[in-house]
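Below is one structure, written out as structure tokens, with a few remarks after it.
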There are 2 protein chains.
Amino acid sequence: MNLTEALIAVGLTRLEAQLYLLLHSEEPMTGYEASKQSGISRSNAYSGLAGLAEKGAAVCVEGPVRQYSAVEAAEFCRYQSRRFKEIIAVIEDGMPEQRPAREPFLTISGRDPIIQKLKDMIGQAKQRIYLGLAAREIGMIRPEIETAVERGLKVVLLTSADVQIAGTIHYAAEKVPGQIRVIADSSVIMTGTLHDDQTSSCLFSRDQALVTLFKEAMANEIKLITMDQQITHVDRD
Amino acid sequence: MNLTEALIAVGLTRLEAQLYLLLHSEEPMTGYEASKQSGISRSNAYSGLAGLAEKGAAVCVEGPVRQYSAVEAAEFCRYQSRRFKEIIAVIEDGMPEQRPAREPFLTISGRDPIIQKLKDMIGQAKQRIYLGLAAREIGMIRPEIETAVERGLKVVLLTSADVQIAGTIHYAAEKVPGQIRVIADSSVIMTGTLHDDQTSSCLFSRDQALVTLFKEAMANEIKLITMDQQITHVDRD
DNA sequence: TAATAGTATTTCTAATCAGTACCACTATAG
DNA sequence: CTATAGTGGTACTGATTAGAAATACTATTA
């Protein structure tokens, strides 16, 4: 995600994002100036600046001509955070309680939802988590793993030898990139493949039989690794 | 902001939001069922459910027919929060530094930007803040005022007698709803009117002369109030 | 044959954006 | 003094796209 996309994600249009960046590099300017410097058509430059003002990303400098000045990024981000918190509050206390029934087998499709679920499993784990992932995937969730270690969780990695994360128990195993195997708290598992958005699909399960099967498979894998090689235990600190 | 709008604000479409709520009240369902129960056209019900799955708000229950189950609200909110933090991080460390020049007089138009600026002034104040607002406006920013009191700021309210916020210094003054007068740290002021979006416009200023004028005006107002009435000082706790 | 499950296509609207035309004002070169 | 270039601003048109309503079509099952 680049800067422009991030600005679009918080509610600006593409042109507004462009103009916001332009306002940061220059003195306050009129729509005319903004149009000239950005290449955006005059009409759209004016409406873009007005849009920025409406969304709290720019303010007006009144005078003989109407100029706009950018609201500094930190302040704009504070606005957005405040707004986001309100939105989340509305959702969290407005949503009806989930019916208790939880299906034992769920399919999660698409790259992003899988990564989100993976991070959430690590974040929600209470005692321990086993991660059978290639180095590429470990890299994407490194902050979450580190937070889990700080929370005092037992974190076991089955991944390539060159990965080093303090506080984790590490078994060297060459994993195929994109293949995912996770167990959290001996109660939920996720497994499947993670490539681009279309070809990514994972099974998430709470089914006790499957979880047990998975646990034993991972335990066996670890046993075989320790028979071959020695354990690399990276101590905390 | 209602629930559906909040869900739309985090990236769902109106139909997806509707379907997400429906999924919460029922067992997992197919597009066919969702269409029947929501009144949404079949085609759109299917694409809506697929959209929810893509956005991490629903998961698939594989079987003879494809059913979708809602991801529980708390989990979906965690996804959104994670995503939002990433976006803010991109903006905050991607934005070029603001040029130091800050115009002395700025116009802030529109209801929302004004309220955001008001909250931000309170949040960013270092020592003291004077708020000349009607009870209606005080109500909107109550949490921010309470946080300021907790931060140990001197918070002075010039507002109607019935407003009660612990830890603030309160002078009873009947204010016209929509009229705003604020000074923060004796260095910045905001004043203007706040009604509906079109008719709302405020001046924000760092100009020392104007700030001083404003301070004296408020001091005089307080002096007159205390000559007439007695001070209501609500002690903390 | 009715209900279930799923797909495809058409139409409509609104937002975004590119492009252009037009008007008013000011400064200045000839 | 006038012509013209530059500045500041508004209005309109057209293309593209996402979202959504509506309908039609196929296939399977009870």
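In what follows, chains are A, B, ... by sequence order, proteins preceding strands, each numbered from 1. Computed from a predicted model, the values in this text were never measured in an experiment.
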Do any side-chain nitrogens or oxygens of [X] fall under 4.0 Å of OP1 or OP2 in [N]?
X: B:Thr13; N: D:dG19; answer: no
X: B:Tyr32; N: C:dG6; answer: no
X: A:Lys36; N: D:dT7; answer: yes

* Side-chain (A:Arg142) to main-chain (A:Glu137) donor-acceptor, under 3.5 angstrom -> no
* Mark yes or no for whether B:Asp207, through its side chain, and B:Pro104, through its backbone, hold a donor-acceptor pair below 3.5 Å. => no
Rounded off to whole Å, could you give me the [atom1]-to-[atom2] distance for the [X] and [N] pair?
X: A:Glu33; N: D:dT7; atom1: CD; atom2: C1'; result: 9 Å
X: A:Ile8; N: C:dA15; atom1: CD1; atom2: P; result: 17 Å
X: A:Leu49; N: D:dG8; atom1: CG; atom2: P; result: 13 Å
X: B:Leu15; N: C:dC12; atom1: CG; atom2: P; result: 19 Å
X: A:Arg42; N: C:dG19; atom1: CZ; atom2: P; result: 14 Å
X: B:Met29; N: C:dT4; atom1: CE; atom2: C1'; result: 15 Å
X: A:Leu52; N: C:dT16; atom1: CG; atom2: P; result: 12 Å
X: B:Leu19; N: D:dG19; atom1: CG; atom2: P; result: 14 Å

* Asked: Under 3.5 Å, is there a donor-acceptor pair between the A:Arg206 and A:Ser187 side chains?
  -> no
* Does any donor atom in the side chain of B:Glu16 or B:Tyr20 lie under 3.5 Å from an acceptor atom in the other side chain? -> no
Shortest side-chain distance from [X], nucleotide among [options]:
X: B:Ser43; options: D:dA22, C:dG6, D:dG9; answer: D:dA22
X: B:Ser41; options: D:dT23, C:dT16, C:dA5; answer: D:dT23
X: A:Tyr46; options: C:dC17, D:dT10, C:dG6; answer: D:dT10
X: B:Asn44; options: D:dG8, D:dA21, C:dA5; answer: D:dA21

* **NZ/NE/NH1/NH2 to OD/OE distance under 4.0 Å, B:Lys126 and B:Asp185** => no
